[in-house]
Asks: 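Submitted below is the structure of interest, expressed as structure tokens.
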Amino acid sequence: MICQKCGTDIPEDKIYCEKCGNAIQMVPDYNPNEDFTVGTEEKEQQSVPEEAFTASDSWWYRRRYWLAGIGLLILGILAYQISFHYVFHPEETATEPEEVELPAKPEFGIQPGIYSYSPQLTISHREKNNGEIYYTTDGTTPDEQSTLYKAPIFVGEGTTVVRAVFVRNDGVQSEEMSGTYRVEFQYPEEPVFSMPGGSYDNAFSVTITAEEGCRIYYTTNGEEPGFQSRLYRGPVSIPEGLTVLQAVSVDEDGGMSGIVEAVYDVSGGRRSPTP
């Protein structure tokens, strides 16, 4: 222990300073500053663990408004982009309509191509009970205003383009079916008369011949021969007077030759026929 008066070291068993005679004060003098310091230190020691424990919470707490502002800003940007997309590009956001399955194309009974006879074209469809077939032969696009198919189409000589569509009862139209048909007749040769035209004295008969497989139609009244005329089955009698004999040959495909004609004048005594 140190003497507070002279600074001499006082043994522990002494109660006064042997040098200056100053009595030892057993209770130390109260120093309010030291008490304040000690209290402050104790409080700091007690508060340190709590601050250490809540340091992260305090960081979020102090910045909660700043973070909330950033969140609101992000939400605002997203809301603007979504509303802009829907307002200015509605066609992109609209629900796409379901694709409607189209009916099959009509089917042609004969293939397009070149024919030596006039074919009859039939048109069919697998759903014939659920719609109608419409067609054109003048090159125009077929639709519900075109010719309604009811019977086979007669394809005549030359080039014919047939275009057809099937329209279902619900108004849905198929894709177009088309075909080009070219009919080129192989005409038979003209028939041949056994007697040339001219003046004769007596009545006689004329034999008419044609290519094998051909039929012969003829007239004697000046009218042009055709399918409705007389069918040649044997020699044609030429009586007295003036007779105009005309004839055509028709092959198996319906091809008709040109008309051959001979004028016979049978008045008697002017000329005798020579077989």
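Owing to the predicted nature of the structure, the values given are computational and were not obtained by experimental measurement.
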Asks: Taking atom CD of Gln145 and atom OG1 of Thr136, what is their separation to the nearest 0.5 Å?
Replies: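 Result: 13.0 Å between the selected atoms.
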Asks: Do you know which two heavy atoms are closest between Phe227 and Met256, and how far apart they sit?
Replies: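 That would be CE1-CE, 3.3 Å.
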Asks: Going from CG on Leu245 to CD1 on Ile208, what distance comes out if it is rounded to the nearest 0.5 angstrom?
Replies: 5.0 Å
Asks: Show the nearest heavy-atom pair for residues Val167 and Tyr134, with the distance to one decimal.
Replies: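 In this case the closest contact between Val167 and Tyr134 is CG2-CD1, 3.9 Å.
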Asks: Same cluster for Tyr218 and Ile259 if Ile/Leu/Val/Met/Phe/Trp/Tyr side chains link at under 4.5 Å?
Replies: no
Asks: Scan the side chains in residues 171-181 for donor-acceptor partners under 3.5 Å anywhere in the protein, sequence neighbours excluded, and list what turns up.
Replies:
residue	atom	partner	partner atom	Å
Ser174	OG	Phe166	N	2.9
Ser174	OG	Phe166	O	3.4
Glu176	OE1	Arg163	NE	3.4
Glu176	OE1	Arg163	NH2	3.0
Glu176	OE2	Arg163	NE	2.7
Glu176	OE2	Arg163	NH2	3.3
Tyr181	OH	Ile110	O	2.8

Asks: Which residues satisfy the side chain to side chain contact (heavy atoms under 4.5 Å, CB included) test with Leu73, sequence neighbours excluded?
Replies: Ile77
Asks: Mind checking what makes side-chain hydrogen bond (donor to acceptor under 3.5 Å, both in side chains) contact with Thr140, not counting sequence neighbours?
Replies: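 Residues passing side-chain hydrogen bond (donor to acceptor under 3.5 Å, both in side chains) with Thr140: Asp138.
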Asks: Nearest 0.5 Å, what's the NE2-CZ distance between His125 and Arg168?
Replies: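 Here the rounded value is 9.0 Å.
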Asks: Tell me, which pairs form a salt bridge (Lys or Arg N to Asp or Glu O under 4.0 Å) where one or both residues lie in residues 179-193, sequence neighbours left out?
Replies: Arg182-Glu184
Asks: What I'd like to find out is whether the side chain of Phe204 reaches to under 4.5 Å of the side chain of Val266, using heavy atoms alone.
Replies: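 Side-chain contact under 4.5 Å: yes.
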Asks: Grab the two heavy atoms, one from Ser249 and one from Ala210, that are nearest each other, plus how far apart they are.
Replies: OG-CB, 3.2 Å
Asks: Hey, what do you get for CD (Glu144) to CD (Glu132), rounding to the nearest 0.5 Å?
Replies: 10.0 Å
Asks: Return the NZ to CD1 distance between Lys105 and Ile123, rounded to the nearest 0.5 Å.
Replies: 14.0 Å
Asks: Taking side chain to side chain contact (heavy atoms under 4.5 Å, CB included) as the definition, give me every residue that meets it alongside Ile74, ordered by chain and number, with sequence neighbours left out.
Replies: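 Expected list: Ile70, Leu78.
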Asks: Val161, Ile153: one ILVMFWY side-chain cluster at the under-4.5 Å cut-off?
Replies: no
Asks: Less than 3.5 Å apart, which donor and acceptor atoms pair up between the side chains of residues 113-122 and the rest of the protein, not counting sequence neighbours?
Replies:
residue	atom	partner	partner atom	Å
Tyr115	OH	Gln111	O	2.6
Ser118	OG	Val155	O	3.3

Asks: When clusters are formed by joining ILVMFWY residues with side-chain heavy atoms under 4.5 Å apart, either directly or through shared neighbours, do Val183 and Tyr135 land in the same one?
Replies: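 Hydrophobic grouping puts Val183 with Tyr135.
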Asks: The criterion is side chain to side chain contact (heavy atoms under 4.5 Å, CB included); which residues satisfy it with Leu231, sequence neighbours excluded?
Replies: Arg215, Tyr217, Arg233
Asks: Who are the side-chain hydrogen bond (donor to acceptor under 3.5 Å, both in side chains) partners of Asn129, not counting sequence neighbours?
Replies: none
Asks: In terms of hydrophobic clusters joined by side-chain contacts under 4.5 Å, are Val192 and Ile216 together?
Replies: no
Asks: Any chance you could pull the hydrophobic cluster mates of Leu242, using side-chain heavy atoms under 4.5 angstrom and chaining through other members?
Replies: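 The other cluster members (ILVMFWY side chains, heavy atoms under 4.5 Å, direct or chained) are Val244, Val263.
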Asks: For the CG atom of Leu148 and the NZ atom of Lys150, what is their distance to the nearest 0.5 Å?
Replies: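 One gets 5.5 Å once the value is rounded to the nearest 0.5 Å.
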Asks: For Pro235, check side chain to side chain contact (heavy atoms under 4.5 Å, CB included) against everything at least two apart and list the hits.
Replies: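 Partners of Pro235 by the side chain to side chain contact (heavy atoms under 4.5 Å, CB included) criterion, ordered by chain and then number, come out as Ser205, Thr207, Tyr232.
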Asks: What salt bridge (Lys or Arg N to Asp or Glu O under 4.0 Å) pairs are there with at least one residue in residues 222-232, not counting sequence neighbours?
Replies: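 Matches after skipping sequence neighbours: none remain.
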Asks: Hey, any chance Ile238 and Met195 share a hydrophobic cluster, counting ILVMFWY side chains that come within less than 4.5 Å of each other, even indirectly?
Replies: yes
Asks: Using 30° and 60° as the class limits, which term best fits the ring planes of Tyr200 and Tyr264: parallel, tilted or perpendicular?
Replies: tilted
Asks: Can you name the closest pair of heavy atoms from Pro225 and Val248 and give their distance?
Replies: CG-CG1, 3.7 Å
Asks: Looking only at heavy atoms, what is the nearest atom pair of Tyr187 and Glu157, with distance?
Replies: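 What the structure gives for the nearest pair is OH-OE2, 2.6 Å.
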